[in-house]
Chemist: 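Below is the structure I would like to discuss, written out as structure tokens.
All values below come from the heavy atoms of this structure, side chains included, with hydrogens, waters and symmetry mates left out. One is the number of the first residue; the rest follow in order along the sequence.
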Amino acid sequence: MDTEPPIKLSELLRHPDDLAKVPSLKADIMRKKAAIDAQLKLRSNEQLQTTKAGLDSLHEAQRITNLIKEEMQKIDRLGAEAKQMIRSFPEINGVAKIHRNFVEVDRLKKGIEQFNERVDEVNELIEEDDQRPGIQPNLLKIHHTVSELRTFRDECMAQVHRVEDQSLVGELEERFQRLDDTIDRFDGLVGQTCISLIPLVMADTPESRGLIVRTAIIIKKEEQYDIEIKKIQATQQEYKQLASRFQQLNIGQTELRGYKDKFLEAIKLYCQEQIDRSDTTFTEDPEKLDKSLRWFFNDLNTVKLGMITLMPKDWRIFETYVDIYHLQMHEWLQAKASDPNVLPAHMLAIIHWKDVYHKKMQRLGVNPAELAPSLPGGADSDLVREYRQLIVTAVEKWMAQMNKTDRAEFLDRKEGALEHDEHGHFRTKTLGDMWRMLREQLIVASSSELTDVTEGVTDAMFRALKARQDMWLALVNDELSRYARPNAEPDGIQGLQDWLIALANDQITCIINPDEDSNASPTASSPTAIDLNSTAKLGFLSSFRRDYESLVTPTFATSAEARFDALRAGFTDLGFRCIAVFAKLMFAVDFRASLPDFFTQQWYTKPNIMRQIVYTYEDYLSDYGSTVPDILHDILIEELAKQLLIAYLGCVHNKGAKFRKSEPFSDRMREDVVAVFGFFEKYKGSYDAIREQWRVVEGFLKLLEVEKAGIIEVFVEFMTLYWDVRISWVEAVLRSREDVDFGPLGDGKSLLKGIRARVAEVRVPEGERGDTVMAEVD
């Protein structure tokens, strides 16, 4: 019934003019009241009829109960009257019980006497059926006899357990013991037939069909027996006192025989044996998963076409086989997928198998949506992520192991860890293995035909390559720091230099295409000049990009472009860093004793210091020049020149460094530059760049030669060319001049203050702010 909230009269009659609405409001209210009264009357009548019907049912039940009570009283009264009518009834009843017991004892006595004989007969029948597998004509007769013997044994044991004298229990158990062996042999016959149901149906002979039917009859009979036993046991449990008064409910210790459960277990066992064979084939070759499981669908089709008519309808034998087979398939695949040692190829086969499985089950008339539990696999399943992680983990473990090995060999300077290629260039032995492994794992990922997998694996490879770059960079810098410490021992320096050249070669090998012209090689001033779009033979990194771009979505390829560029720049930077550290080590170890003499009194008295450095360079290049490819040779030459320039300019910090006008420091400096140019001029590909870089020495010399009043202006000119010059170096230059005094009363501090002020005024255009060599001069 719909109800509306009551409307207050004050809301309806707010104004005097509203009094005119009273008749209409009254009519509306009366109409609603009439409707409500009608509904209440209808509902009241319905409730009244329901109540009357309930009362009538109660009266009828009470009447029937009274009739039953009266009839029971009549029966009881008739029984009492019958006993009174027959005076000798107790004697007759006693004689009847004695007769029944005598007959029962005689039956039991004969049964016990004939028990062994009947067991022997059954064993002979079993022996005969053993000799005729696939036919077993005596199966029903055997079952009938065995069932009678079982029932008889259970009855006897129940009778014995009810008497006070238990002395016969052991004797009877010993006599009945042979039956257990016979039952086991019979169960073996039935079990073997149950396991062989599929082959028997496929045989499709009158004998095989007859055997199937006989087996089904036996199992159905035993199933009914178990159902009855369960009902009686339930009644005994619920009505213990009542059950003790009825002999048919007093069944002793009889147990369920469970033939139907054994039948289902046999189906499961047969399926499991087939799966075990398939598992061997699948383990050896995951591509044969479909072929190895053809029996699965052939069995179900055999059941559908040939077994349904041979089995009880209420068994729904086809659905039973589908449920058991599907569960076995699920457990097997789930175990394989959950195996921590599963290989990616097997995981991939499991992923793709689900769709194939569903299509084949549909052909058999099975709705895949009704199959439970769902098989692992499918394009959207968690197994795809597990498969992707499996490949990612393999990549990470492989790279981690390679990094661990390379790190140990690098730090130990292990002999044999490096090799020479066909050109005599130093190489690490793991470079080719690394790229080969990445390509193989990318192929494995692509075989899934799932872009999520391929993209996830590619992403992991980017991370692994970046981590390897970071590892090498950290190791190289740590070794430089170790040898750059004062009084550091030079042990192992040559092995480290060999590694640095090999690592530099590796990095350039990764980014350069083998057939590219050496003129396109990267240089220290343009590290990104490599043309990876060349039509020449591709290098490792270019091949990697070509491979993954052909497999991933355009969106991923576009987003990965920045990471690829960063990876390429990382290889380039690491290669240059190895060359730079190679050169820095020479100054940290070989020139450790020579550098402190520059710009001191020894510099004037030993004019061959720079020539000694140049001679050392020549020795190094004779040893290592042939171990680097042409593309790196010019970089090595330029880096040697650059590091020499940085060290040379930094020598202004040497203790005792002083430039006096009375001494020919400008001539000495020009002699040093001439010695440097005389050595590097034979390297035509780098000489022009070296000459241009060393022009900074002219600015350095101007800062030393200019009159004190013009220092600031010369500095401004110098900073315009070398905007990133450090004030600490400028201060060292000023301190090395004999005419600048940094004492308490000197003008050095005011001069340096003026230079600092001009630094803030100098503006270098953004486009001209490339790093200069002065950025590395302290």
Chemist: Parallel, tilted or perpendicular: which fits the ring planes of Tyr259 and His143, with parallel below 30° and perpendicular above 60°?
Modeler: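 Aromatic pair Tyr259/His143 classed perpendicular.
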Chemist: Could you tell me whether the side chains of Tyr325 and Asp299 share a donor-acceptor contact shorter than 3.5 Å?
Modeler: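 Yes, side-chain donor-acceptor contact under 3.5 Å.
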Chemist: Any side-chain heavy atom of Val342 sitting closer than 4.5 Å to one from Lys336?
Modeler: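 In short, these two side chains do not touch, never coming nearer than 4.5 Å.
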Chemist: Of Asp290, Asp355, Asn301, which meets side chain to side chain donor-acceptor pair (under 3.5 Å) against Lys360?
Modeler: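 Testing Lys360 for a side chain to side chain donor-acceptor pair (under 3.5 Å) against Asp290, Asp355, Asn301 leaves exactly one candidate, Asp290.
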Chemist: So, Arg209 and Asp204, do they make that salt bridge, N to O below 4.0 Å?
Modeler: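 So Arg209 pairs with Asp204 through a salt bridge.
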Chemist: Using only heavy-atom distances, determine whether the side chains of Glu70 and Asn66 contain a donor-acceptor pair under 3.5 Å.
Modeler: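 Checked: Glu70/Asn66 side chains show no N/O donor-acceptor pair below 3.5 Å.
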Chemist: How long is the span from the CG atom in Leu442 to the OG1 atom in Thr458, to the nearest 0.5 Å?
Modeler: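 The OG1 atom of Thr458 is 5.0 Å from CG of Leu442, to the nearest 0.5 Å.
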Chemist: Taking the six-membered ring of Tyr357 (Phe, Tyr or Trp), confirm whether the NZ or CZ of Lys354 is under 6.0 Å from its centre and within 45° of its axis.
Modeler: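 Negative - Lys354 is either too far from the ring of Tyr357 or too far off its axis.
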Chemist: About how many Å separate CG of Asp226 and NZ of Lys260, when rounded to the nearest 0.5 Å?
Modeler: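 Atom-to-atom, Lys260:NZ and Asp226:CG are 10.5 Å apart.
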Chemist: Answer yes or no: is there an ion pair linking Glu396 with Arg463, defined by an N-O contact shorter than 4.0 Å?
Modeler: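 Arg463 and Glu396: salt-bridged.
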Chemist: Would you say Thr393 and Gln389 are linked by a side-chain donor-acceptor pair, where the criterion is simply a distance under 3.5 Å?
Modeler: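 There is such a pair (donor and acceptor under 3.5 Å, judged by atom type) between the side chains of Gln389 and Thr393.
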Chemist: Run the numbers on Lys231 and Glu228 for salt bridge (Lys or Arg N to Asp or Glu O under 4.0 Å), then give the verdict.
Modeler: CA-CA 5 Å; Lys231 290 180 180 178; Glu228 292 176 2; over 6 Å; no
Chemist: Where do Ile135 and Leu211 land on the side-chain contact (heavy atoms from CB on, under 4.5 Å) test, with the steps shown first?
Modeler: CA-CA 6 Å; Ile135 301 177; Leu211 178 57; over 6 Å; no
Chemist: Keeping the roles fixed (side chain from Asn138, backbone from Asp129), state whether a donor-acceptor pair exists under 3.5 Å.
Modeler: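 Looks like no, no N/O pair under 3.5 Å.
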Chemist: Any chance you could measure Leu551, atom CG, to Ile443, atom CD1, to the nearest 0.5 Å?
Modeler: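 Going from CG on Leu551 over to CD1 on Ile443, the span is 9.0 Å.
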Chemist: So how far is it from Ile267 CD1 to Ile324 CD1, rounded to the nearest 0.5 Å?
Modeler: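 Here the interatomic distance stands at 4.5 Å.
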Chemist: Without swapping roles, check the side chain of Asp279 against the backbone of Ile275 for a donor-acceptor pair under 3.5 Å.
Modeler: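 Here the side-chain-to-backbone pair does not exist.
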Chemist: Would the distance check show the side chain of His352 and the main-chain N or O of Ser448 forming a donor-acceptor pair, the cut-off being under 3.5 Å?
Modeler: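 At least one qualifying donor-acceptor pair exists.
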Chemist: Mark yes or no for whether Arg118, through its side chain, and Thr145, through its backbone, hold a donor-acceptor pair below 3.5 Å.
Modeler: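 Checked: no pair found.
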Chemist: Is it the case that the side chains of Ser278 and Trp332 hold a donor-acceptor pair, with the cut-off being a distance below 3.5 Å and no angle test?
Modeler: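 Note: Trp332 and Ser278 side chains miss the donor-acceptor criterion.
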Chemist: Please report the interatomic distance CD(Glu370) to CG(Asp323), rounded to the nearest 0.5 Å.
Modeler: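 Reported to 0.5 Å precision, the distance equals 10.0 Å.
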Chemist: Return the orientation label for the Phe263 and Trp315 ring planes: parallel under 30°, perpendicular over 60°, tilted otherwise.
Modeler: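 Tilted: the ring planes of Phe263 and Trp315 meet at 30° to 60°.
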Chemist: Within the distance-only criterion (no hydrogens, no angle test), does the side chain of Ser338 pair as donor or acceptor with the backbone N or O of Ala335 below 3.5 angstrom?
Modeler: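 Looks like no, no N/O pair under 3.5 Å.
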Chemist: Would you say Gln441's side chain and Val457's backbone share a donor-acceptor pair under 3.5 angstrom?
Modeler: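 No: the side chain of Gln441 does not pair with the backbone of Val457.
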Chemist: Quick one about Glu148 and His144 (side-chain donor to acceptor, distance below 3.5 Å, no hydrogens or angles considered), yes or no?
Modeler: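 A pair is found: one side chain offers a donor N or O, the other an acceptor, under 3.5 Å apart.
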Chemist: For the residue pair Thr205 / Ser208, report whether a side-chain donor-acceptor contact shorter than 3.5 Å exists.
Modeler: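 Judged by distance alone, the side chains do pair up.
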Chemist: Can you confirm if the NZ or CZ of Arg363 lies within 45° of the ring axis of Phe297 and under 6.0 Å from the centre of its six-membered ring?
Modeler: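 Here Arg363 fails the 6.0 Å and 45° test against Phe297.
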Chemist: Has the side chain of His346 got a donor or acceptor atom that lies under 3.5 Å from a matching backbone atom of Phe282?
Modeler: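 Indeed, once roles are kept as given, a pair shorter than 3.5 Å links the two residues.
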Chemist: So, taking the atom named NZ in Lys262 and the one named CG in Leu269, what distance separates them when rounded to the nearest 0.5 Å?
Modeler: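 These two atoms lie 14.0 Å from each other.
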Chemist: Whether the side chain of Ser447 engages the backbone of Val444 through a donor-acceptor N/O pair (distance < 3.5 Å, no angle test) should be reported.
Modeler: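 Looks like yes, one N/O pair under 3.5 Å.
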